[in-house]
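Quick caveat, the model's predicted, so the values are computed rather than measured.
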Number of protein chains: 2
Amino acid sequence: METENLRGLFQLLTRRFGFLSKNCCSVGEKEISLVQSHILFEVSRQHNPSIQQVAETLGTDITTFSRQIQSLIKMGLVKKTPDIGDRRISILSLTKEGEEMNETIDRQMNEYLEEIFLTMNEFEKETVVRSLKFLNERMVKSSVCCTTPLG
Amino acid sequence: METENLRGLFQLLTRRFGFLSKNCCSVGEKEISLVQSHILFEVSRQHNPSIQQVAETLGTDITTFSRQIQSLIKMGLVKKTPDIGDRRISILSLTKEGEEMNETIDRQMNEYLEEIFLTMNEFEKETVVRSLKFLNERMVKSSVCCTTPLG
DNA sequence: GTCATAAACTTGCATTTTGCAAATAATAAG
DNA sequence: CTTATTATTTGCAAAATGCAAGTTTATGAC
């Protein structure tokens, strides 16, 4: 097989997805940053995660993350509940407003992505989506640097 | 077809690629940031781009970008040449050292990615790579927000 | 040509983000 | 009980960001 420039491929793909995400985080009155939208996404995705868990998943320094959570709490999007078994730990969850924000962003992003996939036929779309899923799985399993326990 | 969570798929994929990229920007003595590695990548990829062109491609504010270029010049990785036809314009190019740095990062990243693809057979790999390329093309063509002229 | 307008950058702040070091609080180990 | 260890928070100080305003060069109207 010819030598592919895999790096370029990934770089361009992620950049384009980044552009897609950029504008998509203001919902009604509230506006959050890209990083903050990732936090909502991840808090929603994990089951009652601690601050440390989410920070690690996102690869953010814990001190920076602690402050980001403070902002999100001030905005009324995230809640912090002390863990019952271990009171050092703060369990994160989304408020009703946070849920709504996350869902709206989700819908928006999926809409954008669907629009891209509209240019493909069913077979092509299915192949691409299956490939992305497959690749995703393999990236998790790979031992190559930089993976986090909770990926 | 069942409803996929496309956003999640993309988000995780790009995050994982981001992790892969994170550690990979120190070459020998020199160490550059992720953003700076993107700049080297893009300056190398485009044919004698102007400052504005690269800034736009990367979606960075031009004033921020101007300063980032200054840093890279100070590090001896990038060169600025006044355009012959229009002296307002600065043409960017990599120095020999910049080229080397970019190539090393490229090699490193491709090595990591190849390692992930090693867990697939030829057919699977080819399908995935073809899917990524295909998706990339369609993202460029799509009119959905956030694309830049030079993508 | 001259003057106004616009384009390609650059600099001056002022804000935000970041992360290391150190502090705090709670648990676990011995 | 005393000493780690763990989870999180604050105190800086450095870096990144972006708007407003400046500089230099080019272009258009006249």
note: A/I73, atom CD1; D/dT8, atom C1'; distance rounded to Å ~ 12 Å
Rounded to whole Å, CD1 of B/I89 lies from P of D/dA26 at a distance of 9 Å
- Task: Output yes when at least one side-chain N/O atom of A/K80 is less than 4.0 Å from OP1 or OP2 of D/dA7, else no.
- Result: no
Rounded to whole Å, CG of A/L72 lies from P of D/dT9 at a distance of 13 Å
Among the nucleotides C/dA26, C/dG12, C/dC9, whichever has the atom closest to the side chain of B/I51 is C/dC9
Under the 3.5 Å rule, do the base of D/dT8 and the side chain of A/R88 count as making a donor-acceptor pair?
-> no
> Within the structure, does a side-chain N or O atom of A/R87 lie under 4.0 Å from either OP1 or OP2 of C/dT27?
Replying inline: yes
Reckon B/S50 has a side-chain N or O less than 4.0 Å from the OP1 or OP2 of C/dC9?
yes
- I would like to know whether A/E42 and B/R15 meet salt bridge (Lys or Arg N to Asp or Glu O under 4.0 Å); could you show each step before the answer? CA-CA 12 Å; A/E42 204 53 46; B/R15 183 194 301 161; 2.6 Å; yes
Might you work through the salt bridge (Lys or Arg N to Asp or Glu O under 4.0 Å) test for A/K125 and A/E114, ending with a clear yes or no? CA-CA 10 Å; A/K125 174 178 172 179; A/E114 285 292 357; 3.1 Å; yes
Correct closest heavy-atom pair for B/S71 and B/Q36 would be CB-NE2, 4.0 Å
From CD of B/E56 across to P of C/dA8 the rounded distance in Å is 10 Å
Whole-Å distance, B/Q68 CD to D/dA14 P, equals 20 Å
Tell me whether the side-chain N/O atoms of B/T64 come closer than 4.0 Å to OP1 or OP2 in D/dA16. no
All heavy atoms of A/A55 vs all of A/I62, minimum pair found to be CB-CD1, 4.2 Å
Go through the N and O atoms of the side chain of B/T63 and the base of C/dC9, and report whether any donor-acceptor pair is under 3.5 Å. no
### Query
Reckon A/Q70 has a side-chain N or O less than 4.0 Å from the OP1 or OP2 of D/dT10?
yes
Has the side chain of B/T95 got a donor or acceptor atom that lies under 3.5 Å from a matching backbone atom of B/L77?
-> yes
To the nearest angstrom, the CD1-C1' distance between A/I84 and C/dA26 comes to 16 Å
In whole angstroms, the gap separating P of C/dT18 from CG of A/L58 amounts to 11 Å
To the nearest angstrom, the CG-P distance between A/D83 and C/dA25 comes to 19 Å
The nucleotide from D/dT8, C/dT10, C/dG19 with an atom nearest the side chain of B/S66 is C/dT10
